[in-house]
Novice: 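One structure coming up, written as structure tokens, with questions to follow.
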There are 2 protein chains.
Amino acid sequence: MLTTELKKDLEPISVNTRADMVELRLREYLNKKELKTGDLLPTEMELSEALGVSRNVLREALSRLRMLGLVESKKKRGMVLTNPDILGSFERVLNPQRMDTSTLKNLFELRLVLEMGLADLLFVRKTAKDIKELEAIVKNGKFEDDDVFRVTREIAFHGKLYEITGNDTLKRFQIMLLPVFDYVLKNENRSVKSNISHTDLVRILKNGTKEEFVVGMREHLRPHFELLKNL
Amino acid sequence: MLTTELKKDLEPISVNTRADMVELRLREYLNKKELKTGDLLPTEMELSEALGVSRNVLREALSRLRMLGLVESKKKRGMVLTNPDILGSFERVLNPQRMDTSTLKNLFELRLVLEMGLADLLFVRKTAKDIKELEAIVKNGKFEDDDVFRVTREIAFHGKLYEITGNDTLKRFQIMLLPVFDYVLKNENRSVKSNISHTDLVRILKNGTKEEFVVGMREHLRPHFELLKNL
DNA sequence: TTAGTACTTATGTACTACATATAAAAATAG
DNA sequence: CTATTTTTATATGTAGTACATAAGTACTAA
């Protein structure tokens with residue numbers, strides 16, 4: 001019969017649980033623009049009655065919203081609407097081991113795109129102090145060929161670049177992407193060498209132009225761009 | 001006494017709920033590298049007993065993990081480890097209305113950084129078909145000065161650019177950032193006009209070089225970069 | 001007025017009971 | 001003896017009750 005064949009091919013329609021629906025309804029409710037941060041929400045009893053579900057189910061949905069940082073609940077006081085930490089939930093999920101190669105590749109590329117696009121912000125925001133710190137980073141351990149040192153310096157240098165942008169979200173994002181990058185780089189083709197070192201990049205950032213920096217960064221990242229082809 | 005004053009200044013140490021702790025413990029458990037996607041997890045009863053909490057609390061934690069896409073549960077079968085949709089939780093939280101101006105600005109900048117960094121991928125991945133589509137987009141409604149049309153075309157054009165990269169994550173990310181961008185642009189200073197139009201960018205993408213494209217994009221985005229100063 | 005107490009109330013946790021779906025086992029038909 | 005159907009066992013899904021805990025609120029006393 002066809003039924004057995006069909007069952008393999010056709011995923012059954014995902015019957016959402018009550019908690020799923022309640023979560024959705026609550027999010028819609030919270031997004032009503034009349035509501036603003038700090039506003040008090042109805043009590044769990046009121047919500048569960050209004051939605052026609054048990055307090056149990058309601059709390060499973062609320063639990064999600066609390067995790068996302070959309071609401072906070074204090075005893076006796078009730079629940080209040082809060083502004084979420086937009087990257088918090090991202091962090092919980094970013095485990096390279098659980099990612100399919102496609103996503104892994106996408107995130108690897110995303111990082112390259114970010115790095116290539118930093119130039120403008122860098123040249124607007126850089127200070128003499130920043131340059132000094134970068135110089136310290138590239139000088140520090142210049143002759144260390146140890147792999148651990150190499151990676152540490154790599155992270156410190158590129159991390160500092162993100163820091164110079166003054167964009168916390170960007171910086172946090174980069175930190176979160178580090179494990180992904182690290183994971184991918186285990187297969188790196190070491191034969192491809194870049195002609196532009198960190199030292200060169202610092203020099204360009206100090207005395208050069210945006211355009212030169214972009215070209216420099218492209219060359220610096222060339223081994224990674226090459227890697228994309230085999231991924 | 002000082003206590004009343006203190007209470008205002010010092011936030012009390014956030015006493016995590018059991019659900020918070022269970023969530024953490026479960027995430028640690030799931031991240032053990034022995035576990036791989038598709039693996040069956042212990043039953044709710046076993047987990048709640050092992051952790052020493054009620055099934056209720058356990059389910060609140062599980063509810064979060066299910067939302068993140070870390071686990072799926074089927075009746076009778078039990079729960080299985082799944083690979084999460086890394087951007088799913090991001091989507092639930094990205095409401096410009098709930099963001100402080102600082103985060104809003106950061107995301108606005110993030111988009112600019114991405115756009116400035118696209119060039120390399122674009123020049124690697126572009127096809128004749130892509131160029132044709134871009135040409136269609138810029139031609140279509142060239143003489144429309146209607147605001148709605150302008151925005152639609154804007155979205156279509158830049159969206160297509162992301163699409164050309166072939167990077168789904170990047171593309172989805174861009175779509176999610178649209179409301180933010182839109183929200184910020186309400187305060188845009190229309191007096192600053194760019195000298196590079198979409199048409200120019202398409203021409204460069206077709207016949208020019210990466211370097212030219214970056215310069216062109218910079219000029220194209222100049223009104224937005226200017227906007228950053230007042231934000 | 002102020003410090004301290006009791007009261008009230010909303011969230012946090014535990015436990016029980018049952019509904020529901022479904023994998024697995026048993027029974028039945030061919 | 002294989003294939004199909006029926007039954008059974010079991011893990012998740014939902015509801016409801018009970019009580020613990022913290023924190024506003026009102027009341028009391030010095």
Side-chain angles (χ1 to χ4, degrees), chain A residues 1-8 10-26 30 38-67 69-82, chain B residues 1-8 10-26 30 38-67 69-82:
Chain A
M1 226 189 270
L2 270 174
T3 40
T4 48
E5 294 285 326
L6 271 173
K7 269 197 174 177
K8 275 184 205 161
L10 261 64
E11 280 286 315
I13 295 171
S14 84
V15 173
N16 289 327
T17 64
R18 288 230 205 292
D20 290 329
M21 293 187 288
V22 170
E23 182 214 327
L24 192 66
R25 295 285 297 277
L26 286 178
L30 296 183
D39 278 1
L40 241 77
L41 305 176
T43 67
E44 294 182 352
M45 281 307 292
E46 287 167 332
L47 286 173
S48 63
E49 264 174 51
L51 290 161
V53 296
S54 72
R55 196 175 150 225
N56 225 324
V57 166
L58 179 86
R59 279 184 63 84
E60 285 188 20
L62 280 178
S63 177
R64 301 178 182 187
L65 303 187
R66 270 196 292 270
M67 184 192 68
L70 287 168
V71 304
E72 266 175 27
S73 21
K74 299 248 166 85
K75 297 215 171 158
K76 161 78 183 185
R77 176 115 181 269
M79 289 176 299
V80 294
L81 189 50
T82 52
Chain B
M1 228 190 269
L2 269 173
T3 41
T4 50
E5 294 285 327
L6 269 173
K7 269 198 172 175
K8 274 183 203 160
L10 261 64
E11 280 286 314
I13 295 171
S14 85
V15 172
N16 289 327
T17 64
R18 288 230 204 296
D20 290 329
M21 292 187 288
V22 170
E23 181 214 329
L24 191 67
R25 295 284 297 276
L26 285 178
L30 296 182
D39 279 1
L40 241 77
L41 305 177
T43 69
E44 294 183 353
M45 281 307 292
E46 287 167 331
L47 286 173
S48 61
E49 262 174 54
L51 290 162
V53 296
S54 73
R55 195 174 151 227
N56 224 324
V57 166
L58 179 86
R59 278 184 63 84
E60 286 188 20
L62 280 178
S63 178
R64 303 177 182 187
L65 302 187
R66 269 196 292 268
M67 183 190 69
L70 287 167
V71 304
E72 266 176 27
S73 22
K74 298 248 166 84
K75 295 210 171 163
K76 160 81 182 182
R77 177 115 181 269
M79 290 176 299
V80 294
L81 189 49
T82 52

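Since the structure is predicted, the reported quantities are computational estimates derived from the model, not experimental observations. Just so you know, these numbers use all the heavy atoms, side chains as well, and skip hydrogens, waters and symmetry mates.
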Novice: With hydrogens left out and only the distance checked, is there a donor-acceptor pair under 3.5 Å joining A/N56's side chain and the base of D/dG13?
Specialist: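 For A/N56, whose side chain was compared with the base of D/dG13, there is no donor-acceptor pair (under 3.5 Å).
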Novice: Nearest to the side chain of B/K76, heavy atoms from C-beta on, is which of D/dT10, C/dT9, D/dT14?
Specialist: D/dT10
Novice: C/dT13 C1' sits how many Å from B/L58 CG, rounded?
Specialist: 13 Å
Novice: Is B/S73 near enough to D/dG13 that one of its side-chain N or O atoms lies under 4.0 angstrom from OP1 or OP2?
Specialist: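 B/S73 to D/dG13 OP1/OP2: side-chain N or O found under 4.0 Å.
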Novice: For C/dG12, does OP1 or OP2 lie under 4.0 Å from any side-chain N or O of A/R59?
Specialist: yes
Novice: Can you check whether B/S54 has a side-chain N or O nearer than 4.0 Å to OP1 or OP2 of C/dA14?
Specialist: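 It does, given that an N or O in the side chain of B/S54 lies less than 4.0 Å from OP1 or OP2 of C/dA14.
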Novice: Rounded to the nearest 0.5 Å, what's the gap from CZ on A/R66 to CZ on A/R59? Could you check?
Specialist: 5.0 Å
Novice: Could you tell me the separation between the CE atom of B/M45 and the C1' atom of D/dA9, rounded to a whole number of Å?
Specialist: 16 Å
Novice: Atom CZ of A/R55 and atom P of C/dA14: how far apart are they, to the nearest Å?
Specialist: 13 Å
Novice: If you check the A/M79 side chain, which of D/dT10, D/dA15, C/dT11 turns out closest?
Specialist: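 Of D/dT10, D/dA15, C/dT11, C/dT11 is nearest to the side chain of A/M79.
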Novice: Considering just the side-chain nitrogens and oxygens of B/R66, establish if one lies under 4.0 Å of OP1 or OP2 belonging to D/dG13.
Specialist: yes
Novice: Rounded at 0.5 Å granularity, tell me how far CD in B/E23 sits from CZ in A/R64.
Specialist: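 One gets 12.0 Å once the value is rounded to the nearest 0.5 Å.
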Novice: Measure the distance from NZ on A/K75 to P on C/dT13 and round it to the nearest whole Å.
Specialist: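 Value for this atom pair: 7 Å.
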Novice: Tell me the interatomic distance from B/M21, atom CE, to C/dG12, atom P, rounded to whole angstroms.
Specialist: 12 Å
Novice: Contact between B/T17 and B/V57 at the side-chain level, heavy atoms closer than 4.5 Å - yes or no?
Specialist: no
Novice: Test A/L65 against every option in A/L41, A/T82, A/L70 by the side chain to side chain contact (heavy atoms under 4.5 Å, CB included) rule and name the one that passes.
Specialist: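 Checked A/L41, A/T82, A/L70 against A/L65; only one passes side chain to side chain contact (heavy atoms under 4.5 Å, CB included): A/L70.
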Novice: What is the distance, to the nearest angstrom, from the CG atom on A/L40 to the C1' atom on C/dA10?
Specialist: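 Going from A/L40 (CG) to C/dA10 (C1'), I get 11 Å.
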Novice: Name the residue closer to the 5' end of DNA chain D, choosing between A/R18 and B/G78 according to the nucleotide with the nearest heavy atom.
Specialist: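 That would be B/G78.
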Novice: About how many Å separate OG of A/S54 and CD of A/E44, when rounded to the nearest 0.5 Å?
Specialist: 11.0 Å
Novice: B/P42 or A/V53: which one's nearest nucleotide on DNA chain D is closer to the 5' end?
Specialist: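 Result: B/P42.
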Novice: Nearest-Å distance, CD (A/E60) to P (D/dG13)?
Specialist: 8 Å
Novice: What is the separation between atom NZ on B/K74 and atom C1' on C/dA21, rounded to the nearest whole Å?
Specialist: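 After rounding, the reported distance stands at 12 Å.
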